[in-house]
Each structure stands twice: as C-alpha cells, then as structure tokens.
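Both counts, for ligands and for their atoms, begin at 1 and track the order of listing. Just so we're clear, the structure is a prediction, and the values are computed from it rather than from any experiment.
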Amino acid sequence: MRFFLVFLLAFSFSFGAKVVKVDQRYQESVKCKVCHHRIVDEWSDSWHAKSHYKNDEYFQKSIEYVSRKHRKSLNSVKVECATCHNPRISVTNTTLDYELAAVMGLTEGSKVDKAVSDDSLGEGINCVVCHNIDKIHDEYDATKRGIHRVEWTKSGTMTGPYTDAKSPYHKTIHHDFMDKNPNKLCFVCHANDRSVRGLVFTNMEEEYVGEQKCVECHMGPQKKDVAATYSFNGKAKIRTVRNHGFMGAHFDSMLNGALELSSEKKGRSLIITISNPQPHNVPSGFGGRELLLEMVYKNKSGEVIDTKTLSLTTTYERKKGREGIPHMAKKASKDMSIPAKGSKSFKVEKVAGAAMVEITLSYRLVNDEIRELLELKEPIWSKKYFVAKLRQKL
Ligand code: HEC
Ligand code: HEC
Ligand code: HEC
Ligand code: HEC
Ligand code: HEC
C-alpha cells in the first residue's frame, strides 16, 4: 500500500507542464549551424550538450540506480530527470497505469516509450531549450523546476538578447532574461535539485551571494562579433556576443585557481584556510562532489617523511546505515563545501621532523563512495583537477 501511495504522490506532483512540439526545422543544432557556426561549435563541447544519459555515464548509472532502488520503471525515471536534463521531451509525467504495464513488459509503442527514445533529445540542453523559453514562472512553488517552470514560444520563434534582430529562418523575440537578468534563466534548472524523498541536496539560488551574472564566468566576457554569419544585404551586423561553452566543473581551466589556499602555524598545529571568491559554493551544483587536501611533509634534506589526505565531501544515506546517491537520499552528512564568498579552516597536526609541508588542493567530480556504488568506469570521475598549491615552512 505504501508503495502505491508513494507512486501516486510522485505522479500528481508532475502534472501541468505544457508541451510545444518543436518543428523538425529547429529541433537539432545542425539546423542552426549554417548561420550560427561559431556558437554551435562552442556549445557542442559543453556539458549542456552532454546532458542526455547516453552521453553522460554518471547520469545514466544514476537513472538505473534510482529505478532499481525506488522500484520504478526506467522510462518513468527518465521522464522525471528530463524535467531539467531534456526539457523538450513530449511527455512530462507517467501514470500508475504505465507503471503497471511496465511491470508486465507491455509498454512497447506507448507514448512514453516513444517520447523517451526520440532521437532529437540526444542533444540534451540544446538551442531550442534556452532560446524557446517564453515565460519563466518565478511565482510558482520553488520545487517546480525545468519544464514545470516555463512556457515555450511557438515553434520557430527564438528568444534572444537583441531587440532588433531579424532572421530569414526564424522569428525572434527579446526577453529580459536573455540580457538584463540572465540568472533567472539559469535558475530555472540550477536550483532546488532534490532527491525522490524530497531532500534538497543542492540549491544554488539560495546560496548565491550578490548579483553577478552567471554568464560573465560561464559564457565569458562580452566580445564584438557577428551573431549570425548570414545577412540580408551582404554585411552581418557586429554585435556584443558571449561564448556558448558553459564551462564548469568538468574543465581544468575553471577549477585551476577557483579557490585560494593559505596557512598559519599555531603551536603544534597548522591551520589551513580555503577561501572561495566565487558567488556560489565550491563544490556546488551537484551532490557528492569532492575537494581533496593532500599534504606532503618533507625533512630538511627534502625527503618525504609523511603524507596526509583530507577529503571534503558530503555523503548520502538512502536508508538507515545504507549509503546512497544524492537522488535517493533521505539524509545528507554535513555540508563540506566552501561557502560562496566565504572560507573554511582546517586544523592539522604537525609531523615530527618535518621542515616543510606541500599542500595541494584538488577537486573530484564524484567521491569514492558514490563512484564505487555506481561502478563508474570512465577516468573523468576519479580524475583530480588541480585547484591550488602552497608550501609552508614548519
Ligand atoms: C543554457 C542556455 C543556452 C543554450 C543551451 C544556448 N544558448 Fe544561446 N544564449 C544564451 C544566453 C544567456 C545568451 C545571451 C548571452 C549574452 O550576450 O549575454 C545567448 C545568446 C545567443 C545568441 C546571440 C549572440 C550571442 O552570442 O550573444 C545567439 C545567436 C544564440 N545564443 C544562439 C544559440 C544557438 C544556435 C544555440 C545552440 C547551439 C544556443 N544559443 C544555445 C543561452 C543559451
Ligand atoms: C539562414 C540563417 C539562420 C539560421 C539557419 C538560423 N538563424 Fe538564428 N539568426 C539569424 C540571423 C540573421 C539573426 C539576426 C542576427 C543579428 O541581428 O545580428 C539570428 C538571430 C538569432 C538569435 C538572436 C535573437 C534575438 O532576438 O536576440 C537567436 C537566439 C537565434 N538566431 C537562434 C537560432 C537557432 C536556435 C537556430 C537553429 C534552430 C537558428 N537561429 C537558425 C539567421 C539564422
Ligand atoms: C533546462 C535546464 C537548464 C538551464 C536553463 C540551464 N542549465 Fe546549466 N545545466 C543543466 C544540466 C542538467 C546540467 C548538467 C549536465 C550534465 O552534466 O550532464 C547543467 C550543467 C551546467 C554547468 C556545468 C558544466 C560543467 O562543465 O561542469 C554549468 C557551468 C551550467 N550548466 C551553467 C548554466 C548557465 C550559466 C545557465 C544560464 C545561462 C544554465 N546553465 C542554464 C541544466 C540547465
Ligand atoms: C565569478 C565567476 C562565477 C560566477 C558569476 C558563477 N560561477 Fe559557476 N563556477 C565558477 C567556477 C570558478 C566554477 C568551478 C568551481 C566549481 O566547480 O565550483 C564554477 C562551477 C559551476 C558549476 C559546476 C559546479 C560543480 O561543482 O558541479 C555550475 C553548475 C555553475 N558554476 C553554475 C553557475 C550558475 C548557475 C551561476 C549563476 C547563478 C554561476 N555559476 C555563477 C565561477 C562562477
Ligand atoms: C531541478 C532540475 C533537475 C532535475 C529534475 C534533475 N537534475 Fe540532474 N542536474 C541538474 C543540474 C542543474 C545539474 C548540473 C549541476 C552541476 O554540474 O554541478 C545536474 C547534474 C546531474 C548529474 C551530474 C552529471 C555530471 O556530469 O557530473 C547527475 C548524475 C544527475 N544530474 C542525475 C540526475 C538524475 C538521475 C535525475 C532524475 C532522477 C536528475 N538528475 C534530475 C538539474 C536537475
């Protein structure tokens, strides 16, 4: 009985999002490439472009894990995650009938199965996600995100930052969330990410300090260039543009220098301080990320005499005493991230005979516990991204 109640609650929660079918002329980025070549290339290397499960091992294995442990069909979980990861999906919720049919293997050819396997979703968060948003309902309940927080433009109308853009291929419309207030656009999905049990494991909107625009760091500084290579009279307008790379925690260049390290001797101990100049926590955005503080102690002749490692991460409990992933979490351990525009200090004991210590701070996308639980194979999940380094005489 409880099993069914949980289903009913989960399903009634997701009703209401209105689907607008995207015409084939606009569905995929290749259609934009003739005229927006630079932008399509930049976006293709971003993790927005990889946000479909077939392009992200971590996402794929998380879906499978949730389906197994939550006893819900794989496709129902895919539909739920599509809310933010693939918001142009044509079905936005599944019913109890679908669940029962799935148990008996009778869903082939159903609307849900067709929607989930639609090829055009393979591009994840592509052009017609951000540029077809017509309205963002910030007055809605904070739990309504992605597809449940927006209204779409008519297929073929592109929302953009300019008030005077004209294109022979599509209509254009200007909205404030494309230039004056773009954080509103980012927070459609980058906020209030929660587990199936309602635990909010990340909320970038709540932790955000100040008014700085996300695009200043994640789409780079404004530059002068053409927005489209096509023009009516042979000369394309020079505009202010940004980079569509949306670089974040999967890129060395973003992590290098993202945090600052300092240290201070205090009696028999060493106080190490990590400061975060960024307007959001680091790590942030997704649960189970990790910072590693590695200390290498050397004696007067430069020989290594000891090493220590401190892992700063959050772990998740699925059931009492059972480990889990963020999406199945009932409870989270203490938040170990470095707060936005803030700092945290850690005390470590000195090592006898050590003349100096080398401290290296690095970042990992997935902590040991979750990586093992999901059996993640690709090297990026265990790769140490360099953040900062410091030498301290003892
Ligand atoms: C995650 C949301 C997002 C996605 C995905 C996205 N864009 Fe944008 N796009 C923006 C924002 C925000 C701006 C405004 C940037 C600025 O100038 O401040 C923008 C600006 C533009 C502009 C105006 C020129 C410029 O660079 O400012 C064009 C043209 C454009 N995008 C086309 C595309 C195309 C084509 C794709 C798919 C390959 C795409 N966008 C994917 C958010 C997005
Ligand atoms: C045949 C050429 C062509 C194709 C194909 C094309 N566009 Fe455009 N697009 C333009 C032109 C021209 C402009 C106006 C540029 C300017 O005014 O500087 C434009 C402007 C835009 C803008 C900015 C609108 C604004 O009001 O700020 C966006 C966003 C955009 N295009 C997205 C797309 C997307 C997404 C696709 C693919 C589905 C696409 N375009 C396909 C030619 C094209
Ligand atoms: C429709 C939902 C949605 C919107 C709108 C959106 N994002 Fe994202 N974003 C995602 C998802 C989902 C991912 C994770 C993709 C993955 O890793 O598979 C992501 C990932 C990212 C990352 C991490 C990339 C990395 O390399 O680690 C950055 C940075 C980012 N988005 C910035 C932005 C900014 C800036 C905006 C606003 C202009 C924005 N996003 C708008 C859903 C969205
Ligand atoms: C001052 C520059 C700056 C601004 C502004 C900024 N970020 Fe970031 N962001 C960073 C840096 C540096 C990183 C890499 C460190 C990290 O992973 O936290 C990052 C990482 C991220 C990540 C990946 C986090 C992770 O660890 O998985 C996401 C998602 C993201 N930012 C989204 C946003 C959004 C959304 C906004 C606006 C609400 C924003 N950022 C504003 C600098 C910035
Ligand atoms: C509220 C919107 C939202 C929903 C719903 C959502 N996600 Fe995400 N997810 C995000 C955003 C935003 C990011 C990017 C955060 C970052 O990179 O730090 C992300 C990142 C991830 C990542 C990390 C990917 C990487 O490459 O590091 C995984 C795994 C993930 N989501 C799994 C899921 C699963 C499984 C579901 C469904 C059960 C789901 N998500 C539903 C917004 C959402």
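Near C214, meaning under 4.0 Å from any of its heavy atoms, are these atoms of ligand 3: 35 (C). In summary, the atoms of ligand 3 found under 4.0 Å from a heavy atom of V129, numbered by their order in the structure, are 1 (C). Ligand 5 places these atoms under 4.0 Å from at least one heavy atom of W47: 26 (O). The R145 neighbourhood of ligand 5 comprises atoms 1 (C), with distances under 4.0 Å to a heavy atom of that residue. Within ligand 3, counting atoms from 1 as listed, the ones closer than 4.0 Å to a heavy atom of F251 are 26 (O). Shown in contact with M247 at under 4.0 Å from a heavy atom are these atoms of ligand 3, numbered in order with element: 29 (C). The contact set between ligand 3 and D56, taken as ligand atoms under 4.0 Å from a residue heavy atom, comprises 16 (C), 17 (O), 18 (O). The distance from ligand 5 to the heavy atoms of H250 drops below 4.0 Å at these ligand atoms: 25 (C), 26 (O), 27 (O). Taking every heavy atom of P87 and a limit of under 4.0 angstrom, the matching atoms of ligand 3 come to 1 (C).
Taking a 4.0 Å cut-off on heavy atoms, T159 registers as neighbouring ligand 2. Ligand 5 lies within reach of C189, whose nearest heavy atom is under 4.0 Å from it. The closest approach between K78 and ligand 5 stays at or above 4.0 Å for every heavy atom of the residue. The closest approach between K166 and ligand 2 falls below 4.0 Å for a heavy atom of the residue. The closest approach between any non-hydrogen atom of W381 and ligand 5 is below 4.0 Å.
By the 30° and 60° cut-offs, the orientation of the rings of F246 relative to H244 is perpendicular. Note on ring orientation: taking the six-membered ring where Trp is involved, the planes of W47 and H250 are parallel (angle under 30°, cut-offs 30° and 60°).
At least one N, O or S atom of H48, from either the backbone or the side chain, sits less than 2.8 Å from atom 8 (Fe) of ligand 3. Residue H218 does not count as close to atom 8 (Fe) of ligand 3, with no N, O or S atom under 2.8 Å.
Of all protein heavy atoms, the one lying nearest to atom 15 (C) of ligand 5 is G285 O, 3.3 Å. Taking atom 16 (C) of ligand 5 as the reference point, the nearest protein heavy-atom neighbour is R289 NH2, 3.4 Å. Closest protein heavy atom to atom 11 (C) of ligand 3: I125 CD1, 3.5 Å. Here the protein heavy atom with the shortest distance to atom 5 (C) of ligand 3 is L185 O, 3.4 Å. Annotation: atom 29 (C) of ligand 2 to nearest protein heavy atom, H131 ND1, 3.2 Å. The closest protein non-hydrogen atom to atom 18 (O) of ligand 2 is R239 NE, 2.8 Å. Regarding atom 14 (C) of ligand 5, its nearest protein heavy-atom neighbour is H190 CE1, 4.1 Å. Distance from atom 34 (C) of ligand 3 to its nearest protein heavy atom, with residue and atom name: C186 SG, 3.4 Å.
Residue contacts with ligand 5, taken as heavy atom pairs separated by less than 4.0 Å, do not involve K50 at all. No part of F246 comes within 4.0 Å of ligand 5, judged by heavy-atom distances. Proximity of S284 to ligand 5, defined as any heavy-atom pair under 4.0 Å, is confined to the backbone N, CA, C and O atoms.
By the definition of a contact as any protein heavy atom under 4.0 Å away, atom 22 (C) of ligand 5 is in contact.
The N/O atoms of K31, backbone and side chain alike, include none that comes under 3.5 Å of an N/O atom in ligand 2. Here's the thing with V34: none of its N/O atoms is less than 3.5 angstrom from an N/O atom of ligand 2.
Taking the six-membered ring for Trp, Y58 and Y53 have ring centres at least 6.0 Å apart.
Listed by chain and residue number, the protein N/O/S atoms under 2.8 Å of atom 8 (Fe) of ligand 5 are H85 NE2, with waters left out. By the criterion of a separation under 2.8 Å, the protein N/O/S atoms near atom 8 (Fe) of ligand 2 amount to H36 NE2, H170 NE2.
Remark: K308 does not engage E294 in a salt bridge, criterion side-chain N to carboxylate O under 4.0 Å. We find that D252 and K383 are joined by a salt bridge, their nearest charged nitrogen and carboxylate oxygen being less than 4.0 Å apart.
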